[in-house]
Amino acid sequence: MNGPRRTGRRRTTGPDDDPTPVGDALGSVSAELGLPDPVAMGALSERWAEIVGATVAPHARLRTLRGGVLTIAVDAAPWATELRYLEDVLRRRVEEVTGRDVVRSVRVVVDPPS
C-alpha cells in the first residue's frame, strides 16, 4: 500500500510563512481582481452617515471604491453639487474612518430612484 510520499526534506519556515491577517489577504486578492478593498468598503458602509453627514446621507449612496475613485450616487442634482463641493472634506473623513488614504478623487453621479 502506498502512503504519502516522503521526500526526506523538512519543510523550512521563512518570512513568507508568517500568518497574514485576513483583512490584508482579502485586500490583496481584491486588488488583483480589480475589486474594491473589502475592509475599506465595510468601514465606509458602516459609517456612511458620519462621512457625508446626517442631512446628505438619505440622498447619497456609496456605490464603489476602485482605483482610489470613490463613486457616490445621489437622488438629485443639488446633492451632487453639494458633494462635489465637499470633495476634500469627504476625502479627509474617509481617511479618518479607514485609517488609510484610499480615496484620490470623488465621482458623484445622479441616479434618481425609479
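The residues of the chain are indexed from 1 along the displayed sequence. The basis for the numbers below is simple: all heavy atoms, side chains too, and nothing from hydrogens, waters or symmetry mates.
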To the nearest 0.5 Å, atom CG of Leu83 lies from atom NE2 of His59 at 10.5 Å
Check Pro19 against Pro21 and note the closest heavy-atom contact, atom names and distance. O-CD, 4.0 Å
Residues in side chain to side chain donor-acceptor pair (under 3.5 Å) with Arg61, at least two apart? Asp111
Separation between CE of Met41 and OG1 of Thr64, rounded to the nearest 0.5 Å: 5.0 Å
Please say which of Leu70, Val39, Leu65 ends up in a side-chain contact (heavy atoms from CB on, under 4.5 Å) with Val102. Leu65
Heavy-atom nearest pair, Val56 first then Trp79, reads CG2-CZ3, 3.8 Å
With rounding to the nearest 0.5 Å, note down the distance linking CZ in Arg92 to CD in Glu87. 12.5 Å
What are the two closest heavy atoms between Leu62 and Ser45, and how far apart are they? CD2-OG, 3.7 Å
Which pair of heavy atoms, one from Arg107 and one from Val69, lies closest together, and at what distance? CB-CG1, 4.0 Å
Tell me the closest heavy-atom pair linking Val97 and Ala43, and the distance in Å. CG1-O, 3.7 Å
Do the non-hydrogen side-chain atoms of Ile72 and Val106 ever get within less than 4.5 Å of each other? yes
Could you tell me if the side chain of Val94 sits less than 4.5 Å from the side chain of Asp101, heavy atoms only? no
First locate atom CD1 of Ile51, then atom CD of Glu96, and finally report the distance between them rounded to the nearest 0.5 Å. 9.5 Å
To the nearest 0.5 Å, how far apart are CZ in Arg93 and CG in Asp88? 12.0 Å
Dump the intermediate steps for side chain to side chain contact (heavy atoms under 4.5 Å, CB included) on Thr20 and Asp18, then the final yes or no. CA-CA 6 Å; Thr20 300; Asp18 291 338; over 6 Å; no
Compare every heavy atom of Val110 with every heavy atom of Ala80, then report the nearest pair and how far apart it is. CB-CG2, 3.9 Å
Single-linkage hydrophobic cluster, 4.5 Å side-chain cutoff, Val89 and Tyr85 together: yes
